[in-house]
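Chain naming here is simple, since letters A, B, ... match the order of the sequence lines and numbering starts at 1 in each.
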Number of protein chains: 2
Amino acid sequence: MHNVNMKAEQLHQLIWMSRPLMQAAEGCVENGLTGTNLTVRMRAVLEILHKYGEQTVPELAARLDIQRQYVQIMCNETLTSGFIEQRPNPRHKRSPILTLTNQGSALIEDILSKEMQIMQEMSEDLSTEDIATALKVILSVVDGLQKRTGERK
Amino acid sequence: MHNVNMKAEQLHQLIWMSRPLMQAAEGCVENGLTGTNLTVRMRAVLEILHKYGEQTVPELAARLDIQRQYVQIMCNETLTSGFIEQRPNPRHKRSPILTLTNQGSALIEDILSKEMQIMQEMSEDLSTEDIATALKVILSVVDGLQKRTGERK
DNA sequence: TCATATTGACATTATGCATGTCATTTTGAC
DNA sequence: GTCAAAATGACATGCATAATGTCAATATGA
């Protein structure tokens, strides 16, 4: 009985750490971007292209779960900066395929590897099992919260 | 060696669940507010007053870690709605103490108890130890990330 | 007492999107 | 092949959630 409330309260605390966690994560990413001429949004574009390969703006938007119109803006910025370029799309003349330039490719790889190094450093303080457990709990909580809400979209 | 990368990758995945987690949590809170004439910001004001007792706008701002000027707006809205009221502040004539009205007090208690019930339901799927472990990991990660960033003031 | 800090109020700006519209393709069903 | 429907880029507008700047009134502390 008392145990039930303990669990609920700890879960509550866990859930509301999500904001500080996100802010800390984003701050850290932003920090790693200084001196690169990249913005956080441009980095996001490069990351997806690096992870999933070249693709069009609408595909990127679906992947990022952001409105197409906004992703268009992000991509246009990134194009201007020269980290990505357009390739003709055989499947759609108005919608070119976006692809990393050599410069963009090298940059995002460098950034991601530095970020991964931070992950490794931080994971030294934690056991493999604890990390796995935490991830499992978080996934379960996200699922539970979404189910109990007016289902997005 | 391979283990190191596994840990880092799981940690990475965990960290970037923070955004969906936050969105799910906020969506759920918003959902619970329908029919109450409360906005999310007003709910935040009520919650702090309920948790930490009556206080001034600047105190609230510090607690919420939001700029004083914005919290002022949130509080003025909440005042208009009648869920909180001003009390003379013996320590500062220009800065009244904000306190919950009976109506506001009843409302926030109802909301918080319904939210806690959701926590209890969700915690049924998880063990006490797993929740505790997850919380520990998250706190550690937030700490680690903040340390590795241009330290937020 | 008097320089400095605090506070409420108001104005402006920024960020990160969502939403709406339009003209131009592109696609798919017939 | 035709034609309605869908996809796409471009552009405009709106909106929530703040940060930032300023001012005048008031408080505070040395």
Side-chain angles (χ1 to χ4, degrees), chain A residues 16 18-20 22-27 29-31 33 38-45 47-48 54-80 84-98 150 152-153, chain B residues 16 18-20 22-27 29-31 33-34 38-45 47-48 54-80 84-99 150 152-153:
Chain A
W16 294 110
S18 63
R19 181 185 286 271
M22 229 194 74
Q23 286 173 343
E26 290 185 345
V29 165
E30 212 172 336
N31 203 53
L33 253 39
L38 270 187
T39 63
V40 174
R41 322 177 329 178
M42 286 161 57
R43 179 200 161 284
V45 171
E47 185 181 17
I48 301 292
E54 52 182 31
Q55 57 199 284
T56 63
V57 168
E59 283 174 307
L60 263 161
R63 208 87 77 169
L64 288 165
D65 197 24
I66 293 176
Q67 294 300 305
R68 163 183 81 78
Q69 289 88 336
Y70 187 58
V71 175
Q72 185 77 48
I73 291 169
M74 293 164 60
C75 288
N76 289 348
E77 282 174 8
T78 316
L79 277 165
T80 301
I84 64 175
E85 61 191 0
Q86 297 179 328
R87 241 197 38 194
N89 183 356
R91 305 190 48 193
H92 200 303
K93 276 178 193 160
R94 283 200 69 198
S95 195
I97 293 172
L98 303 178
R152 49 194 66 269
K153 202 169 63 157
Chain B
W16 294 110
S18 63
R19 180 185 287 270
M22 227 194 74
Q23 287 173 343
E26 290 185 345
V29 165
E30 211 171 336
N31 203 52
L33 254 37
T34 55
L38 269 188
T39 64
V40 175
R41 327 186 311 189
M42 286 161 58
R43 180 200 160 285
V45 171
E47 185 181 15
I48 301 292
E54 52 182 30
Q55 54 198 287
T56 63
V57 168
E59 283 174 308
L60 263 161
R63 209 88 76 168
L64 288 164
D65 198 25
I66 294 176
Q67 294 298 307
R68 163 183 83 79
Q69 289 87 337
Y70 188 58
V71 175
Q72 185 77 47
I73 292 169
M74 294 164 60
C75 289
N76 289 349
E77 281 174 9
T78 316
L79 277 166
T80 301
I84 63 174
E85 61 190 1
Q86 296 179 329
R87 240 197 41 194
N89 184 354
R91 304 190 48 195
H92 200 304
K93 277 179 193 159
R94 284 200 70 197
S95 196
I97 292 172
L98 303 177
T99 179
R152 51 191 67 266
K153 217 200 353 218

Just how far is it from atom CD of A/E30 to atom OG1 of A/T39, taken to the nearest 0.5 Å?
9.5 Å

To the nearest 0.5 Å, how far apart are CD in A/Q72 and CD1 in A/I66?
13.5 Å

Taking CD from A/E77 and P from C/dG16, how many angstroms apart are they, rounded to a whole number?
10 Å

Taking for each residue the nucleotide of DNA chain D bearing the nearest heavy atom, is the 5' side occupied by A/Q72 or by A/R19?
A/Q72

For A/I97 and D/dG9, what is the distance between atoms CD1 and P respectively, to the nearest whole Å?
11 Å

OP1 or OP2 of D/dT26 sitting under 4.0 Å from any side-chain N/O of B/S95?
no

OG1 of A/T56 to NE2 of A/H92, rounded to nearest 0.5 Å, is 8.5 Å

Run the side-chain contact (heavy atoms from CB on, under 4.5 Å) test on A/E77 and A/R41 for me, step by step, so that the C-alpha distance in whole Å, both residues' side-chain angles and the decisive distance to 0.1 Å come before the verdict.
CA-CA 9 Å; A/E77 282 174 8; A/R41 322 177 329 178; 2.3 Å; yes

Considering only nitrogen or oxygen atoms on both sides, find all protein atoms under 3.5 Å from nucleotides 2-4 of chain C and state each distance.
none

Find the distance between CD1 (A/I84) and CD1 (A/I97) and round it off to the nearest 0.5 Å.
12.5 Å

Does any non-hydrogen side-chain atom of A/M22 lie less than 4.5 Å from one of B/W16?
no

B/N76 side chain near C/dA9 phosphate (N/O to OP1/OP2, under 4.0 Å)
yes

By nearest-nucleotide position on DNA chain C, the 5'-leaning member of B/V57 and A/P90 is B/V57

Report, one pair per line, the protein and nucleotides 28-30 of chain D atoms (nitrogen or oxygen only) whose separation is under 3.5 Å.
{"residue": "D/dT28", "atom": "OP1", "partner": "B/R91", "partner atom": "O", "Å": "2.7"}

Quick tally for nucleotides 18-23 of chain C: nucleotides whose base has a protein heavy atom under 4.0 Å get B, sugar-phosphate-only ones S, the rest -, giving SBBB-B

Hey, does B/I48 have a side-chain heavy atom less than 4.5 Å from the side chain of B/Q55?
yes

